[in-house]
Amino acid sequence: MERTFVMLKPDAVQRGLIGEIISRFEKRGLKIIALKLLQVPQSLAEKHYAVHKERPFYQGLIEYITSGPVVAMVLEGPSAIQAARSTMGVTNPVAAAPGTIRADFGMEIGRNLTHGSDGAETSAFEISLWFGDELDTWQRDQDRWILE
Ligand code: DAT
Ligand code: MG
């Protein structure tokens with residue numbers, strides 16, 4: 001089963017949207033197999049966003065992500081990476097489809113509430129970075145009503 005790393009960024013936490021946002025992933029059928037709230041150390045933020053190091057928005061992004069606690073989680077399901085990203089909507093909230101998290105709660109690209117891994121390689125890297133290499137899954141009794 002595919003896994004993806006999802007983070008609720010500091011704006012989501014500060015605005016009291018943790019429950020609302022997690023609920024959307026949960027209701028869709030993605031299974032939470034790891035979950036924690038933490039203040040992101042500078043070194044972790046830099047590793048997580050290393051791919052954007054040369055971008056003009058990099059410094060602001062690091063400041064944003066270390067500005068308050070985040071909620072980090074691993075979600076599991078068939079096509080979990082794509083399912084999580086489509087639940088979030090595209091990067092810029094004003095371009096995101098209504099009904100997605102970023103459109104429903106966001107106005108600017110620099111405060112877009114959530115992060116989701118963008119591919120299999122990224123997902124493996126991010127899960128290992130945030131949670132280490134050994135994550136157990138669990139049996140969800142509802143699965144036969146969600147997954148064929
Ligand atoms: P995504 O988070 O949708 O995968 P990304 O990986 O391209 O998007 O960028 C990572 C984050 O960086 C994104 O969530 C918000 C910020 N960002 C991206 N492009 C930006 C831009 N042009 N201006 C300001 N922030 C930007
Ligand atoms: Mg990305």
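Index from 1, following the sequence. Just so you know, ligand 1 is whichever comes first in the structure, and atom 1 is the first atom listed for that ligand.
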Legend entry - Separation between CD1 of Ile32 and CG of Leu75, rounded to the nearest 0.5 Å: 6.5 Å
Legend entry - Pairwise distance NE2(His48) to OG1(Thr122) - rounded to 0.5 angstrom: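 These two atoms lie 9.5 Å from each other.
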Inset, instruction - Look at the rings of Phe5 and His115 and say which category their plane angle falls in: under 30° parallel, 30 to 60° tilted, over 60° perpendicular. - result: tilted
Inset, instruction - Report, as yes or no, whether the 6.0 Å neighbourhood of atom CD on Glu76 holds more than 12 heavy atoms from other residues, nucleotides or ligands. - result: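 More than 12 within 6.0 Å, yes.
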Inset, instruction - Inspect the surroundings of CH2 in Trp138 and state if more than 12 heavy atoms from other residues, nucleotides or ligands are less than 6.0 Å away. - result: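 Buried by this count: over 12 neighbours within 6.0 Å.
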Please tabulate, line by line, the atom pairs linking an N/O of ligand 1 to a protein N/O at a distance below 3.5 Å, with the distance in Å to 0.1, or answer 'none'.
| from | atom 1 | to | atom 2 | distance (Å) |
| --- | --- | --- | --- | --- |
| ligand 1 | 2 (O) | Arg102 | NH2 | 3.1 |
| ligand 1 | 3 (O) | Thr91 | OG1 | 2.6 |
| ligand 1 | 3 (O) | Arg102 | NH1 | 3.1 |
| ligand 1 | 4 (O) | Arg85 | NH1 | 3.0 |
| ligand 1 | 4 (O) | Arg85 | NH2 | 3.4 |
| ligand 1 | 6 (O) | His52 | NE2 | 3.0 |
| ligand 1 | 8 (O) | Thr91 | OG1 | 3.3 |
| ligand 1 | 9 (O) | His52 | NE2 | 3.4 |
| ligand 1 | 14 (O) | Lys9 | NZ | 3.0 |
| ligand 1 | 14 (O) | Asn112 | ND2 | 2.8 |

Legend entry - Side-chain donor or acceptor of Lys36 paired with backbone N/O of Phe131 under 3.5 Å: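 Looks like no, no N/O pair under 3.5 Å.
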